[in-house]
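Reckoned from all heavy atoms, side chains included, excluding hydrogens, waters and symmetry mates. Just follow the structure's listing: the first ligand is 1, and inside any ligand the first atom is 1.
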Amino acid sequence: MSGATTGDAVPAGGAPAGAGAAVNGATPVEPLVDGQSAALHGPEVIPAGRTVRVTVPASSGNVGPGYDCLGLALGRYDRLTVTRTGSGLTFELTGEGSDEVPRTAEHLVIRAMRTAWRAAGLLELPGLHVVAENRIPHSRGMGSSASAIVAGVAAANALLPEELRLDANALLQICSQMEGHPDNVAPSLLGGLVISYAAEDGYRSVPVRVHGEIRPVVAVPDYEVPTRLARGLIPEAVPHRDAAANSGRAALLVHAATADPAQLFAGTADLLHQQYRAGAMAPSAALLARLRGRGLPAIISGAGPTVLVLAEDAERAALAAEEIRAFGEDPASSLDGRRVTWAVEELTVDAEGVIVETVESGELS
Ligand SMILES: Nc1ncnc2c1ncn2[C@@H]1O[C@H](COP(=O)(O)OP(=O)(O)OP(=O)(O)O)[C@@H](O)[C@H]1O
Ligand SMILES: N[C@@H](CCO)C(=O)O
């Protein structure tokens with residue numbers, strides 16, 4: 001992550017950031033800085049031909065008991081290359097979701113770029129050519145929207161002249177407000193396992209180092225659950241005893257993930273979200289129950305429906321993959337009368353977060 005001066009956050013569409021402004025129906029905390037502080041600039045501050053490339057990791061929000069506050073960066077990446085052109089918006093989109101997303105200023109990456117530029121005082125969108133190579137599946141619980149927001153905000157910032165760039169804290173606030181919660185954007189920005197919380201004046205995120213033996217295994221089903229829908233299933237209030245028990249598990253999880261993987265099974269138990277969303281992702285809930293029944297530290301990744309096993313080591317990762325493949329043959333692996341298939345993959349934990357490079361002309365490939 002790079003940056004210099006602080007700016008303010010304004011969401012896509014131009015309204016002040018705040019309650020209800022997030023992409024997936026979440027209610028973000030109020031903006032960190034007011035909307036009047038940045039001096040205004042024209043699009044000419046970004047020279048035509050300037051190109052930046054951004055590589056951004058996927059993320060798993062919640063990580064079990066850390067609803068809206070814990071997130072893990074995963075070694076699967078979207079790559080975005082943006083060139084400032086004379087005028088207009090052009091797109092070359094490949095990979096996940098490329099046929100479904102709009103090729104207009106409504107594209108989430110452009111909305112994120114616009115939001116960052118507004119915060120830096122640049123109100124008019126310059127001409128842009130956008131090349132997006134997407135490997136993070138959409139609406140599966142692997143943080144695709146957060147990665148798109150981080151990619152757009154990071155690209156926009158890197159295109160700015162150095163003296164106008166936003167600092168790391170401003171980037172975190174803008175991305176969290178757009179997404180509505182910080183648990184996905186923070187690991188995509190910072191890498192690793194990230195603990196986030198809402199302070200009175202904005203979000204704070206603290207990355208911690210994940211134990212080297214831990215092997216994340218994802219089971220990505222061939223059906224989607226939009227995060228907005230899944231968030232609508234969370235009750236306004238939960239029993240105090242559930243909140244207390246969940247606090248213990250969340251605290252244990254941080255210890256387990258950083259120092260003592262043997263505690264991962266106990267540390268990944270959740271009482272705040274998975275049970276309420278199970279009806280919207282029955283095959284994933286059944287797989288989760290099967291894996292946990294075998295003593296494997298399985299969770300619903302983000303808002304689902306991907307299932308993630310935080311395997312304690314390589315041997316347990318192989319066992320998890322075997323169990324997931326076997327479940328694919330089980331009658332419980334079905335939805336609306338059809339068999340659900342699962343893409344099983346062992347991933348690394350990404351430790352870097354978003355990487356931004358300036359591309360010299362002639363280097364474009
Ligand atoms: N790379 C991208 N480019 C453009 N739009 C994207 C991109 N990635 C995601 N989106 C938008 O975000 C939507 C998916 O967001 P959603 O919050 O439902 O799921 P998710 O972020 O994949 O999962 P989760 O939040 O549970 O981890 C897509 O339908 C699309 O509109
Ligand atoms: N904390 C988020 C993660 C998915 O965006 C949720 O569970 O809704």
Side-chain angles (χ1 to χ4, degrees), residues 12 22-28 54-74 76-82 91-113 130-155 175-176 178-188 194 196-198 203 218 220-221 223-234 250 270 272-278 280-281 284 299-308:
V23 298
N24 59 22
T27 306
V54 176
T55 306
V56 60
S59 63
S60 181
N62 304 326
V63 201
Y67 182 71
D68 275 3
C69 60
L70 289 180
L72 182 67
L74 296 171
R76 180 179 268 256
Y77 301 89
D78 278 356
R79 193 162 83 149
L80 177 75
T81 308
V82 186
F91 293 87
E92 280 176 56
L93 309 178
T94 53
E96 298 286 347
S98 50
D99 293 335
E100 281 97 52
V101 295
R103 292 170 188 242
T104 65
E106 283 306 301
H107 189 285
L108 188 51
V109 164
I110 304 295
R111 291 171 55 200
M113 294 186 76
V130 176
V131 181
E133 299 155 82
N134 296 335
R135 294 202 57 236
I136 307 171
H138 292 187
S139 297
R140 309 290 170 83
M142 292 180 69
S144 71
S145 56
S147 298
I149 290 168
V150 167
V153 167
C175 293
S176 299
M178 273 200 81
E179 175 77 349
H181 45 88
D183 52 327
N184 290 105
V185 299
S188 282
V194 185
S196 298
Y197 60 97
Y203 294 103
V218 286
V220 186
Y223 71 97
E224 299 182 358
V225 175
T227 301
R228 182 179 283 271
L229 183 152
R231 292 187 79 83
L233 300 172
I234 302 292
D270 147 72
L272 294 188
H273 61 102
Q274 291 176 172
Q275 61 183 309
Y276 301 110
R277 293 168 161 175
M281 51 189 89
S284 303
I299 54 184
I300 297 292
S301 183
T306 289
V307 175
L308 169 68

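- Protein heavy atom closest to atom 14 (C) of ligand 1, with residue, atom name and distance, is Ser139 OG, 3.4 Å.
- The proximity of His181 to ligand 2, defined as any non-hydrogen pair under 4.0 Å, is limited to the side chain.
- The shortest N or O to N or O distance between Val109 and ligand 1 is not below 3.5 Å.
- Looking at atom 6 (C) of ligand 1, its nearest protein heavy atom turns out to be His138 CE1, 3.7 Å.
- Here Asn184 has side-chain heavy atoms under 4.0 Å from ligand 2, and that is the only part of it that gets that close.
- Atom 1 (N) of ligand 1 has its closest protein heavy atom at Asn134 ND2, 3.5 Å.
- Scanning the protein heavy atoms around atom 27 (O) of ligand 1, the nearest turns out to be Gly143 N, 2.7 Å.
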side-chain contact (heavy atoms from CB on, under 4.5 Å) between Tyr203 and Val185, worked out: CA-CA 11 Å; Tyr203 294 103; Val185 299; over 6 Å; no

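- Counting atoms of ligand 2 from 1 in the listed order, those under 4.0 Å from a heavy atom of Asp183 are 1 (N), 2 (C), 3 (C).
- Within the 3.5 Å criterion, the main-chain N or O of Glu96 finds no donor-acceptor partner in the side chain of Arg135.
- Shortest contact from atom 22 (O) of ligand 1 to any protein heavy atom: Ser144 OG, 2.6 Å.
- Looking at Glu96 against ligand 1, nothing comes within 4.0 Å, counting heavy atoms.
- Looking at Arg228 against ligand 2, nothing comes within 4.0 Å, counting heavy atoms.
- At a threshold of 4.5 Å between non-hydrogen side-chain atoms, the residues Ile299 and Asn62 do not count as touching.
- Set against the non-hydrogen atoms of Arg231, the atoms of ligand 2 under 4.0 Å away are 1 (N), 2 (C), 6 (C), 8 (O).
- The shortest N/O to N/O separation between Ala146 and ligand 1 does not fall below 3.5 Å.
- Considering only non-hydrogen atoms, atom 17 (O) of ligand 1 lies nearest to Thr227 out of Thr306, Thr227, Leu229.
- Ranking the protein heavy atoms by distance from atom 31 (O) of ligand 1 puts Val101 CG1, 4.6 Å first.
- For ligand 2 and Asp68, the ligand atoms under 4.0 Å from any heavy atom of the residue are 1 (N), 2 (C), 6 (C).
- At least one side-chain heavy atom of Met281 sits less than 4.5 Å from a side-chain heavy atom of Tyr223.
- Near Tyr67, with a cut-off below 4.0 Å to any heavy atom, the atoms of ligand 2 are 6 (C), 7 (O).
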